[in-house]
Asks: 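Quick one: the structure is below, and I'll ask about it shortly.
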Amino acid sequence: MLAPKDTATRERRSLDGLWNFMLDPDGTGRRDRWYEQLPPGAVEMPVPSSYNDVLADPAGRDHVGDVWYETSFWIPPSWAGRRIAIRFGSATHRGEVWVNGQPVAVHQGGYTPFEADITAVATPGEESRVTVAVSNVLTWQTIPPGYVEDTAGGRRQRYFHDFFNYAGLHRHVWLTATPTARVEDITVRTGLDGADGTVSYRVEVAGQGAARLGTQLSLADASGDEVARGSGPEGVLRVESPRLWRPGDGYLYQLTVELRDGSTLVDSYPLAVGVRTVEVNGARFLINGKPFYFRGFGRHEDIPIRGKGHDDVWMVHDFALMEWVGANSFRTSHYPYAEEVLDYADRRGVVVIDETPAVGLNMGLGGGIFGTQGLPTFSEATVNAATQEAHRQAIAELIARDKNHPCVVAWSIANEPESDTQAARAYFEPLAAQARALDPTRPVGFANVMLAPPDKDVISDLFDVLLLNRYYGWYVDTGDLAAAEVHLEAELRAWAAKHDKPIVMTEYGADTLAGLHDVVPGPWSEEYQAALLEMSHRVFDRVDAVVGEQIWHFADFATSSGIMRVGGNKKGVFTRDRQPKAAVAHLRQRWSQAP
Ligand code: BDP
């Protein structure tokens, strides 16, 4: 799905700002036709942002169900005759949209974009109104899953993942005008052929008359000089001695796709293209044919007050901090991040493992840690065929959105699912195949949980890379780093013996209370976090198959409440307001040296 852009033939207008906002605790908004106008009592709510922490009110923070957003806008008279749409970067977890009281779109899935064609319901030169009902409800059939419980305190959303269920309009909202006959999608795959780079492309068009338009393509380097041109909806461009996109050097070409009617320009769309290859060879992870070692973090879109609302200030700052500590990569744990984040990673040369929102498909993790227990993961009443269908959709939407980003080098289709049962194998086999069919150019993996070590896991053979989340020294061998070191090494060697695949450590770490110090490092102290990371790094350096380390976590983040969490998850090497803990000194030292 193409991102909205201003071009010679396209225009966009931001609808970000303060929208009218109302909770719908009793679920009466549809019956009472709030899509025609919100009733008295609406407040103002910033977009983009999570709504939960903005108002100083538990009603908003703990709300379960729909909230309603409404704003008005003008469509410029000059947009007459064009296709007009409203495009949401996301609505978490479900968005239903009306324009001038008419239903125009429904989208399930909280972290991928969708648009509503409003050409037929809104008139250029007049004022229009858009209303969105956003639901934060998670069920057994959503990705991620959850369920709603009636309690003495009211309806409560239960979920199986360790981050707060922030909701709302988290990303930019655009009003867009495109030509009716238009470029609908572009797929680009890059390769190396001797000294040449190859850019194979496929252009899809849509709209009346689009099929008879001519397609022309031009590839320009970063200084704007054309290096290749082509025509037709499919083909391969060759770039002589290309400057490759590499970790640390986000060099981008620009592919301009034009639709023409004779010599008349009908549509034009520019796409950033990084020429690079990704490949798994035995236990090596190769970028441009060279072994790559991942250094970095699991992260969250999580900042004070805004929650998961996209914010350029925090984005640029977080990348600056990652670069400052020497990180070269991160995983979009545990859902697709805002598109702007991937654009920025492309430009900064930061490597990304891109993850779906499939987190919490594991009832074995209950045991009191995340507040659930005693249920089968896969069953008619829990994660079932409908959940799998939603998961399929989540994979398809992630790949459709992010397939052209050079920064994305692997797909993670789930985090810590149950993976030690035949039911898990039946569930994941078609999903792994689907991801690979949608994108044969990138390795596919999933983040494996501690409960499924190599002698229990029955699904890793379906995948290209082993992504391992391990908590030796924290959830097991707590406070005993000597034992942790032995056990971590033994497990990694067992993985390496069983599969000839690269291992990326996608989680390891310790909760750490900033300011708590300990001469003899004990759990929760800053010294213990540093010691646990140092111990883990010693082990990784001894096991050849380990090709990466991504610490859990970049920064402290909000979670639901529970006795395992002290004001959220404290495994960040930075605090939630991005101040360094003691472990950062070790990281800066380690990550400034060649792997
Ligand atoms: C893993 C999860 C991650 C949690 C982390 C933790 O993948 O989301 O936040 O453990 O417990 O189970 O800190």
Side-chain angles (χ1 to χ4, degrees), residues 1-7 89-90 111-113 171-172 185-192 197-201 217 219-224 227-228 237 239 242-257 269-279 285-288 290 292 294-297 299 301 310-312 314-323 327-333 335-355 397-412 439 441-443 550 554:
M1 184 183 216
L2 299 178
K5 281 182 188 168
D6 284 305
T7 77
S90 67
Y111 304 96
T112 38
R171 298 173 186 168
H172 297 308
D185 197 14
I186 307 170
T187 306
V188 156
R189 290 175 183 163
T190 65
L192 291 173
T198 57
V199 178
S200 67
Y201 64 86
L217 300 95
L219 189 71
D221 65 18
S223 34
V227 295
L237 306 178
V239 190
R243 176 155 160 199
L244 300 182
W245 187 98
R246 288 190 281 113
D249 181 17
Y251 189 84
L252 296 170
Y253 291 85
Q254 179 165 298
L255 179 70
T256 304
V257 177
Y269 192 89
L271 185 75
V273 173
V275 179
R276 60 111 183 87
T277 63
V278 172
E279 191 192 336
F285 196 104
L286 307 175
I287 299 182
N288 300 330
K290 297 198 184 93
F292 176 66
F294 297 77
R295 293 165 151 172
F297 301 98
R299 296 176 58 210
E301 291 186 310
H310 174 72
D311 182 279
D312 283 343
W314 286 87
M315 176 184 76
V316 172
H317 188 58
D318 282 358
F319 273 71
L321 292 179
M322 285 192 284
E323 286 172 29
N328 60 13
S329 68
F330 63 90
R331 174 172 60 127
T332 70
S333 42
Y335 38 81
Y337 290 1
E339 291 151 279
E340 291 75 12
V341 176
L342 296 172
D343 291 338
Y344 195 59
D346 283 344
R347 296 195 295 273
R348 302 300 307 171
V350 174
V351 170
V352 174
I353 298 175
D354 208 1
E355 190 158 275
E397 290 188 20
L398 173 71
I399 296 179
R401 193 194 72 163
D402 293 348
K403 62 189 172 184
N404 293 323
H405 286 284
C407 66
V408 176
V409 301
W411 306 111
S412 165
D439 180 10
T441 73
R442 290 179 179 89
Q550 293 187 330
F554 173 68

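Being a predicted model, the structure only gives us computed values, none of them experimental.
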Asks: Roughly how far apart are R442 CZ and D354 CG, rounded to 0.5 Å?
Replies: 8.0 Å
Asks: Measure the spacing between CZ of F285 and CD1 of I353 and express it to the nearest 0.5 Å.
Replies: 7.0 Å
Asks: Write down the atom of L192, the atom of G197, and the distance for their closest heavy-atom approach.
Replies: CD2-CA, 4.3 Å
Asks: Considering residues at least two apart in sequence or located in another chain, which fulfil the side chain to side chain donor-acceptor pair (under 3.5 Å) criterion with R189?
Replies: none
Asks: Name all residues meeting the salt bridge (charged side-chain N to carboxylate O under 4.0 Å, His left out) criterion together with D346; count only those two or more places apart in sequence or in a different chain, and write none if there are none.
Replies: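 With sequence neighbours excluded, D346 shows a salt bridge (charged side-chain N to carboxylate O under 4.0 Å, His left out) to no residue whatsoever.
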Asks: What pair of heavy atoms forms the shortest contact from W245 to A345, and how long is it?
Replies: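 Taking every non-hydrogen atom into account, CZ2-O, 4.1 Å.
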Asks: Compare all side-chain heavy atoms of D185 with those of L2 and state whether any distance is below 4.5 angstrom.
Replies: yes
Asks: Of the options F319, F297, F294, which is the one that meets F330 in a ring pair (Phe, Tyr, Trp, His ring centres under 6.0 Å)?
Replies: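 Of the listed residues F319, F297, F294, the ring pair (Phe, Tyr, Trp, His ring centres under 6.0 Å) partner of F330 is F319.
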Asks: Can you measure from CG (N404) to CG (L271) and round to the nearest 0.5 angstrom?
Replies: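 Between N404 CG and L271 CG, I get 5.0 Å after rounding to 0.5 Å.
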Asks: Contact between R171 and P113 at the side-chain level, heavy atoms closer than 4.5 Å - yes or no?
Replies: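 R171 does not reach P113 side chain to side chain.
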Asks: So, taking the atom named CZ in R401 and the one named OG in S90, what distance separates them when rounded to the nearest 0.5 Å?
Replies: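 Spacing of CZ (R401) from OG (S90) equals 8.5 Å.
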Asks: Between R246 and I287, is there a side-chain heavy-atom distance shorter than 4.5 Å?
Replies: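 Heavy-atom side-chain distance check fails, nothing below 4.5 Å.
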Asks: Treating T256 as the side-chain partner and P270 as the backbone partner, does any N or O pair qualify as donor plus acceptor under 3.5 Å?
Replies: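 No; zero donor-acceptor contacts below 3.5 Å.
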Asks: Answer whether the closest heavy-atom distance between the side chains of H405 and V352 falls below 4.5 Å.
Replies: no
Asks: For E301 and A338, indicate whether the former's side chain and the latter's backbone hold a donor-acceptor pair under 3.5 Å.
Replies: yes
Asks: From D249 CG over to L244 CG, what is the distance, rounded to the nearest 0.5 angstrom?
Replies: 9.0 Å
Asks: Donor-acceptor pair, distance only, cut-off 3.5 Å: does the side chain of T198 make one with the backbone of G191?
Replies: yes
Asks: Within this structure, what is the CH2-NZ distance for the pair W411 and K403, rounded to the nearest 0.5 Å?
Replies: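 With rounding to 0.5 Å, CH2 (W411) is 9.5 Å from NZ (K403).
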Asks: Could you check whether any side-chain heavy atom of T190 comes within less than 4.5 Å of a side-chain heavy atom of P406, counting everything from C-beta outward?
Replies: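 Side chain of T190 against side chain of P406, heavy atoms only: no contact under 4.5 Å found.
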Asks: Could you report the tightest heavy-atom contact between N288 and V275, atom names first, then the distance?
Replies: OD1-O, 4.4 Å
Asks: According to the interplanar angle, ranging from 0 to 90°, do the rings of Y253 and Y251 count as parallel (below 30°), tilted (30 to 60°) or perpendicular (above 60°)?
Replies: perpendicular
Asks: May I ask you to test the Y344-C407 pair for a side-chain heavy-atom distance under 4.5 Å?
Replies: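 When only atoms from C-beta onward are counted, C407 and Y344 do not touch, as no gap falls below 4.5 Å.
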Asks: Can you name the nearest heavy-atom pair linking V408 to R276, along with the distance?
Replies: O-NH2, 2.9 Å
Asks: Would you name the heavy atoms of V409 and P443 that are closest together and state the gap between them?
Replies: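 Shortest heavy-atom contact: O-CD, 3.1 Å.
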Asks: Write down the atom of E340, the atom of H172, and the distance for their closest heavy-atom approach.
Replies: OE2-CD2, 3.1 Å
